[in-house]
Engineer: 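Got a structure for you, written out below as structure tokens; questions coming shortly.
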Amino acid sequence: MGKDNQRYANPDDRSDNVEKLQEMVQNTIHNLEAAHETMQFSSEEEKQKIMDKNKRREESIVSFRNEIRDEAKHNKEK
């Protein structure tokens with residue numbers, strides 16, 4: 001791809017980022033809750049893996065929420 005293809009690039013459309021991020025938060029919460037339910041039927045090793053993954057999910061939720069605040073602030077400043 002050369003410079004000629006750059007004019008066909010999609011513009012940066014941030015108008016629905018807050019909605020997309022909120023959906024990502026909801027999906028991550030759903031996955032976290034489903035994993036908690038799965039733990040009752042899991043071995044100790046599997047439980048540890050689930051707990052580790054859920055810790056990462058919780059960290060992701062915090063990050064998503066920070067991004068939502070940033071995007072909302074950006075949209076308000078327009």
Side-chain angles (χ1 to χ4, degrees):
M1 292 186 153
K3 289 183 178 182
D4 292 336
N5 290 331
Q6 289 179 355
R7 65 184 134 146
Y8 298 113
N10 293 331
D12 185 20
D13 180 12
R14 298 172 66 164
S15 63
D16 62 349
N17 280 4
V18 171
E19 292 83 10
K20 287 179 182 176
L21 287 164
Q22 288 172 331
E23 185 177 332
M24 291 167 73
V25 168
Q26 290 303 314
N27 290 340
T28 304
I29 290 171
H30 174 76
N31 291 339
L32 194 144
E33 291 171 348
H36 274 289
E37 291 175 19
T38 303
M39 283 178 63
Q40 62 186 321
F41 306 108
S42 301
S43 69
E44 288 304 312
E45 182 181 342
E46 290 169 330
K47 284 180 186 178
Q48 187 58 52
K49 289 179 182 179
I50 291 169
M51 288 189 294
D52 292 344
K53 190 159 190 172
N54 278 351
K55 184 177 185 322
R56 292 189 299 274
R57 286 180 173 126
E58 290 167 355
E59 292 167 354
S60 293
I61 290 168
V62 170
S63 295
F64 290 147
R65 288 183 172 153
N66 288 336
E67 284 188 61
I68 289 169
R69 280 192 287 279
D70 290 347
E71 285 294 325
K73 182 180 176 184
H74 174 78
N75 291 341
K76 196 178 227 184
E77 292 174 352
K78 282 185 175 180

Engineer: Identify the heavy atoms of L21 and I68 that sit nearest to each other, and give their distance.
Structural biologist: CB-CG1, 3.4 Å
Engineer: What is the distance from atom CG of N17 to atom CD of Q22, rounded to the nearest 0.5 Å?
Structural biologist: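 The distance works out to 11.0 Å.
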Engineer: For the atom pair CG (D16) and CD (E71), what is the distance rounded to the nearest 0.5 Å?
Structural biologist: 9.5 Å
Engineer: Quick one: side chains of residues 42-51, donor-acceptor pairs under 3.5 Å with protein atoms, not counting sequence neighbours, listed by atom name and distance.
Structural biologist:
unit_1	atom_1	unit_2	atom_2	d
S42	OG	T38	O	2.9
S43	OG	E46	N	3.2
S43	OG	E46	OE1	3.4
E46	OE1	S43	N	2.9
Q48	NE2	D52	OD1	2.9

Engineer: Using every non-hydrogen atom in the two residues, find where R65 and I29 come nearest and quote the distance to one decimal.
Structural biologist: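 For R65 versus I29, the nearest heavy atoms are NH2-CD1, 3.7 Å.
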Engineer: Measuring from L32:CG to N54:CG, what's the distance to the nearest 0.5 Å?
Structural biologist: 4.0 Å
Engineer: Return yes if some donor-acceptor pair links the side-chain N/O of E58 with the main-chain N/O of K55 below 3.5 Å, else return no.
Structural biologist: no
Engineer: Within a strict 4.5 Å, meaning less than it, do heavy atoms of the K76 and K73 side chains meet?
Structural biologist: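 Heavy-atom side-chain distance check fails, nothing below 4.5 Å.
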Engineer: Once you round to the nearest 0.5 Å, how far does CD of E23 lie from CD of Q26?
Structural biologist: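 One finds 9.0 Å between CD of E23 and CD of Q26.
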